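Basis for what follows: all heavy atoms, side chains included, without hydrogens, waters or symmetry-related copies. Bear in mind that the values here come from a model prediction, so they are computed numbers and not experimental data. In what follows, chains are A, B, ... by sequence order, proteins preceding strands, each numbered from 1.
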Amino acid sequence: MEILVCVKRVPDTSENEIEINSSGSDIQRDDLVYSVNEWDNYAVEEAIQIRDNVGGSVTVVTVGDDDAEEVLRREMAMGADKGVLLKDDAFEGSDGRGVAAIIKGEVEKGNYDLILTGAQADDGAGQVGGMLAAMLDMPFASLVNRIDVVDDKKINVGREIAGGNQEMNEMSLPCVLSIQTGINEPRYVGIRGIRKVASVEIPVKGAADLGVDAAVIGAANARVKRLDYFVPPAGEGAEMLEGGVDEIIEKLIDMLKSKGGIK
Amino acid sequence: MARQIFAYILHKDGVADDTALELVEAARRLDASAPVTALVLGTGADLDKVCQEVAATYKEVWKVDNAALSYPNAEVVRKVLVNLIPKGAIALVPHEHFGMDLSPGLSIKLDAAYAPDVVDISALEGDKLTLVRQEYSGQVSTHVACDLSAGAVITIRAGAFAPDESRSAGGTVTDKSPDAGDAGVAGRKFLEIIEAEVGDVDITKSEVLVSVGRGIEDQDNLEMINDLAKAMGADVSCSRPIVDAKWLEKARQVGTSGQTVKPKVYLALGISGSFQHMGGIKGNPFIVAVNKNAKAPIFQAADVGVVADILEFVPELAEKIAEMK
Ligand SMILES: Cc1cc2nc3c(=O)[nH]c(=O)nc-3n(C[C@H](O)[C@H](O)[C@H](O)COP(=O)(O)OP(=O)(O)OC[C@H]3O[C@@H](n4cnc5c(N)ncnc54)[C@H](O)[C@@H]3O)c2cc1C
Ligand SMILES: Nc1ncnc2c1ncn2[C@@H]1O[C@H](COP(=O)(O)O)[C@@H](O)[C@H]1O
C-alpha cells in the first residue's frame, strides 16, 4: 500500500507555556520548543505498521519553511521511507483550504492508496484532512482510532465517537483519514535514529512543481484570517490558595471535608 | 438579499441534542435579522418527533426523510446538504465528532469559508464576520476574520452559546426530501457501533474523583494518585493522554470522547482544562485544580486552585489526610 502522511511542525505544548507577545500579533516564539504535531505522530506510526504488515511505502509530507524539514527527518527516523517538503513564498499565510490545495498537488503527482492526516493541529481546527478529501473527491473519515486492512481495495476503520464508543465504517481506497491519538503507541525515536537519516536528500517542491491553483493559496486568498491573539478577561476564576504548603494543605483539607470530598 | 442561516440539528432516538438550542442563539448573535432554518435529516417517526420539538425554537424547519439517513454517515449527509443549502448561506454545525467529520468537506463542496470551533462572535460588518477561537488547547484566544461573501460553514463549540429557552417560535416544518437528491454514496459504508468496554469501576457513579492528567509525567507516579484516592475514599479518573499512553483503562477517561461524570467533588491534578475534558464534567461539582502553570485554563473552571508541582504536592496531601484519619 502506498501511504502519504501529512505532518506539521508545531510548538510543543507539553514543553512550553504558550504566551502572547506584547503587541498581541503572535505568540512569543523565542525559546519555543517545536516538535511534530502530536496527532501526526500517531498517523505516521499507523502508516508504518500497515506498511510492515502488507508492504508498500510511507511518504511524509509537510507544507512549511526550511525549519519544517526537521519534522520530516524525525518521522523518517521513525520509519517513513521518504519525505517531501512543500515550500514556496506563495504558500505563506495560506488558510486551511490553501494548505489542503497545496497537499492536493502532491497527492495528484503520486499514486497513493491511503492518505493520513492528524485529527487536528495546534490551533485545533481539524480541517485539512476533510478539505483535502473533498477536493480530491475521495471518501473521508475523521477521528479514526482503528484501521483493519481488508484487501487492496478496502479497509475497515473505527471512528471515535462520544462516550468511548466506536463507529465502524467500510472505506474504499483510495481514501483520506484523520487519525485520533491512542490508535497505537508511537515508537520512540532516539538521537541515533535521527542521525541515520540526517543526510538523506529531501525533495523540495513549489507551486509550479505541484500545479497548485494560485487562486486559493497565500494570505491574499485566505477566507479566514487570524487578526490577533488575546487573553480573555479573566472570569471569576478559582479561589487561589496561597501561603506555605502546610497552610495550603490545611485549608484544602477543610474545604474537601466540608464538601464531602473526604470519606 | 438577506443573509440566510442554517443550523444542522443533531438528534438521537427521536430527541434533539442540546446544541439545537445553542445554535439558534449563535445565529441570533451572528445576525439577528437573518432568517434561521433548522435542518433535520433522518428517517421515520423519530424524525417527525425531532422536527416537532425543534419547531418550538426555529421558525423554519426543513425535514429530509430518507432511509439512507437512518444513521448519520457524514458522506451521505454532506451530499444532501450540498443540494439543500443555497449559495452564499451560512451553515452552523456543532463542533463534535460528527461536525468534525462533516464540515471541512462541506465547506469545500459549497465553496464557502470554514471557521471551526467558534466560541464567541464579536462583530459583523458587511461580509466580514469577526469570531473568537482558541488555540493551543485553550491557552490563548484569537480574533478571526471570516469572509462571508461566498457563504460560510461555521462549527460551534458546545456550551459556548447559552440558549434562551424562553423563546417560542411556533415554526413550520417543510418536507424537503424531494429536493435532497440522490443520497447514495460510494466509498464509505456505516457498519456498526462498538460499545465502550465496561471497566472495573464505573466513574459515572463516583461521588469523589481524583483525576490525573499529563502533568503526572510517568506511569510510576500514578502510585501517589492511587494513595491519595485511597486516603480520600475516592475513585481515580483521568484525562485522555493517560489513556492514550495505556496507563489507565479507557473506562476511566473523563470527557467528550470518554465518560460523563457527575461527582460532588472533582480533584484535577496536572490537567490543563481543555473543553473536551471539561465537557465530561456535569452537575456543577466542587472542582479543585492543582497545576504548576498559574495560567492553565483549568483555573477558570475550578472553584479552588493551587499552583504547585503535583509530584511534590500530592504525596504531602495524601500523607496529611491519612494522618488525620
Ligand atoms: C475529538 C477529541 C476528543 C477528545 N476527547 C477528550 C476527552 O474525552 N477527555 C480528555 O481529557 N481529553 C480529550 N481530548 C484531548 C484534549 O483536547 C486535550 O488534549 C487533553 O484533555 C489534555 O489532557 P491534559 O490536560 O492531561 O494534558 P495537557 O493539556 O498536556 O496538560 C497538562 C497540564 O499539566 C500541567 N503540569 C505539567 N506538569 C505538572 C506538574 N509536575 N505538576 C502540576 N502540573 C503539571 C501543565 O501545566 C498542564 O496544564 C480530545 C481531543 C479531541 C480532538
Ligand atoms: N502545514 C501543513 N503541512 C502538512 N500537513 C498539515 C499542515 N497543516 C495541517 N496539516 C495536516 O492536517 C492535520 C489537521 O490540521 P489542522 O486542520 O490545521 O487542524 C494535521 O494533523 C496534519 O496532518
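- Interface summary for chain A: among B/V304, B/V265, B/I321, B/I193, the most heavy-atom pairs under 4.5 angstrom belong to B/V304.
- Interatomic distance, B/D117 CG to A/Q120 CD, rounded to the nearest 0.5 Å: 8.0 Å.
- Formation of a donor-acceptor pair under 3.5 Å by the A/R97 side chain with backbone atoms of B/P104 is not found in this model.
- Note: A/R223 CZ to B/L148 CG = 11.0 Å, rounded to the nearest 0.5 Å.
- Contacts between B/Q134 and chain A at a heavy-atom distance below 4.5 Å involve the backbone alone (N, CA, C, O).
- Proximity to chain B involves both the backbone and the side chain of A/I161, based on heavy atoms less than 4.5 angstrom apart.
- In this structure, no portion of B/A289 lies under 4.5 Å from any heavy atom of chain A.
- Heavy atoms of A/V231 lying under 4.5 Å from chain B are absent altogether.
- For A/I183, no part lies under 4.5 angstrom from a heavy atom of chain B.
- For chain A, no part of B/D127 is nearby; none of its heavy atoms comes within less than 4.5 Å.
- Between A/E160 and B/K250 there is a salt bridge, with a side-chain nitrogen of the basic residue lying less than 4.0 Å from a carboxylate oxygen of the acidic one.
- At a threshold of 4.0 Å, the pair A/D137-B/K109 counts as salt-bridged, since one of the basic side-chain nitrogens sits closer than that to a carboxylate oxygen.
- Residue B/Y114 touches chain A through both its backbone and its side chain, counting heavy-atom pairs closer than 4.5 Å.
- Contact annotation for A/I248: only side-chain heavy atoms (C-beta onward) come within less than 4.5 Å of a heavy atom of chain B.
- Looking at A/K154 and B/K189, their side chains never come closer than 4.5 Å, going by heavy atoms from C-beta outward.
- Interatomic distance, CZ of A/R226 versus OG1 of B/T142, reported as 6.0 Å (0.5 Å rounding).
- The pair B/D147-A/K225 does not meet the salt-bridge criterion, since no charged nitrogen lies less than 4.0 angstrom from a carboxylate oxygen.
- Here the shortest heavy-atom pairing between A/G182 and B/D244 reads CA-OD1, 3.3 Å.
- Of the two parts of A/A133, neither the backbone nor the side chain holds a non-hydrogen atom closer than 4.5 Å to a non-hydrogen atom of chain B.
- Within the 3.5 Å criterion, the main-chain N or O of B/H143 finds a donor-acceptor partner in the side chain of A/D228.
- Annotation: side chain of B/K246 is in contact with side chain of A/E185 (closest heavy-atom distance under 4.5 Å).
- By the 4.5 Å heavy-atom criterion applied to side chains, B/Y136 and A/P11 are counted as neighbours.
- Within the 4.5 angstrom heavy-atom criterion, only side-chain atoms of A/N156, from C-beta onward, approach chain B.
- Note on A/E38 versus B/R214: salt bridge recorded, some NZ/NE/NH1/NH2 to OD/OE distance being below 4.0 Å.
- Looking at A/I27 and B/Q139, their side chains never come closer than 4.5 Å, going by heavy atoms from C-beta outward.
- Atom NZ of B/K12 has 12 or fewer heavy atoms from other residues, nucleotides or ligands within 6.0 Å.
- With a 4.5 angstrom heavy-atom cutoff, B/A234 does not touch chain A via any of its atoms.
- Of the possible donor and acceptor atoms, one in the side chain of B/D101 sits under 3.5 Å from a partner among the backbone N and O of A/S142.
- Highest contact tally toward chain A, considering only B/L317, B/L131, B/D120, is held by B/L317 [criterion: heavy-atom pairs under 4.5 Å].
- Applying the side-chain contact (heavy atoms from CB on, under 4.5 Å) test between B/E192 and each of A/M168, A/Q166, A/E167 identifies A/M168 as the sole match.
- The choice from B/E207, B/Q259, B/E316 that makes the most heavy-atom pairs within less than 4.5 Å of chain A is B/E316.
- Under a 3.5 Å cut-off, the side chain of B/R133 and the backbone N or O of A/D123 do form a donor-acceptor pair.
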*For the pair B/V288 and A/E239, evaluate side chain to side chain contact (heavy atoms under 4.5 Å, CB included) and give the outcome as yes or no after the intermediate values.*
CA-CA 9 Å; B/V288 178; A/E239 173 192 347; over 6 Å; no

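- The main-chain N or O of B/R188 is never found under 3.5 Å from a side-chain atom of A/N169 such that the two would form a donor-acceptor pair.
- Per-residue heavy-atom pair counts under 4.5 Å with chain A were compared for B/V144, B/L267, B/V185, B/V210, and the maximum is reached by B/V144.
- For chain A, the nearby parts of B/N293 are the backbone and the side chain; heavy atoms of each come within less than 4.5 Å.
- Looking at B/A145, both its backbone and its side chain come within 4.5 Å of chain A, counting heavy atoms on both sides.
- B/E75 places none of its side-chain heavy atoms less than 4.5 Å from the side chain of A/M171.
- B/E96 has its side chain out of reach of A/L143: every pair of non-hydrogen atoms, C-beta onward, lies at least 4.5 Å apart.
- Ion pair A/E19/B/K295 flagged as a salt bridge, since at least one NZ, NE, NH1 or NH2 atom sits closer than 4.0 Å to an Asp/Glu carboxylate oxygen.
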